Amino acid sequence: MVGLGMRAPNYWRTIFAVNDGDVPLHLSVTYGDSDHGHSPYKEAADIAPGGSFSFPQHTYDEGGWSSVAPVNSFEVTCMPGGRPGSTSFFVVTPTHGVEFAHRVAVHCSSRGVIGVDM
């Protein structure tokens, strides 16, 4: 329940990543932040052209209950020829309430990150 003057929460629990490009990519997701004594979590995956990956949800143990470690940011590195190429960094700005698995489509080419559809 959201009281008067309180905004509804907006965050992504996880990312479902799709590689719409023609070269492999490496995607690294950062969950949470250092608020309230928490440490951020990082997960990474290599995704082949036409492939996808579902990143897991992370939580913080609050001693008797758990809180969600929301997705904070992600970084994409295009891997033309299997070698690291250009890297782009994105901070998420959710606006549609709590989303369990937000879809992110990345288009990498040999020239680098061409586009990201969030």
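Numbers for residues simply follow the sequence, beginning at 1. In this text the structure is predicted, and so the values were computed from the model without any measurement.
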Who else is in Val113's hydrophobic cluster (ILVMFWY, side-chain heavy atoms under 4.5 Å, direct or via others)? Trp12, Ile15, Leu25, Leu27, Val29, Tyr31, Tyr41, Ile47, Phe53, Phe55, Tyr60, Val71, Phe74, Val76, Phe90, Val92, Val104, Val106, Val116, Met118
Determine the minimum heavy-atom distance between Ser86 and Gly112, stating which atoms define it. OG-CA, 2.9 Å
Please determine whether the number of non-hydrogen atoms from other residues, nucleotides or ligands lying under 6.0 Å from atom CZ of Arg111 exceeds 12. no
Here the pair of heavy atoms bringing Ala105 nearest to Arg103 is CB-NH1, 3.5 Å
By side-chain hydrogen bond (donor to acceptor under 3.5 Å, both in side chains), Thr14 pairs with (sequence neighbours left out) none
d(Arg13 CZ, Gln57 CD) to nearest 0.5 Å is 5.0 Å
With rounding to the nearest 0.5 Å, note down the distance linking OG1 in Thr87 to NE2 in His26. 8.5 Å
Side chain to side chain contact (heavy atoms under 4.5 Å, CB included) between Asp22 and Ser109: does it pass, once the steps are laid out? CA-CA 6 Å; Asp22 55 3; Ser109 78; 3.8 Å; yes
Minimal heavy-atom distance between Pro40 and Gly32, with the atoms involved, is CB-O, 4.3 Å
Would you call Pro56 and Glu43 a side-chain contact if the rule is heavy atoms closer than 4.5 Å? yes
Could you tell me which non-hydrogen atom of Pro80 sits nearest to which non-hydrogen atom of Ser110, and how far apart they are? CB-CA, 3.9 Å
I need the minimum non-hydrogen distance between His38 and Ser67, along with the two atoms involved. CE1-OG, 4.3 Å
Are the side chains of His58 and Lys42 in contact, using a 4.5 Å heavy-atom criterion? no
Looking only at heavy atoms, which two atoms of Val23 and Cys78 are closest? And how far apart? CG2-CB, 4.5 Å
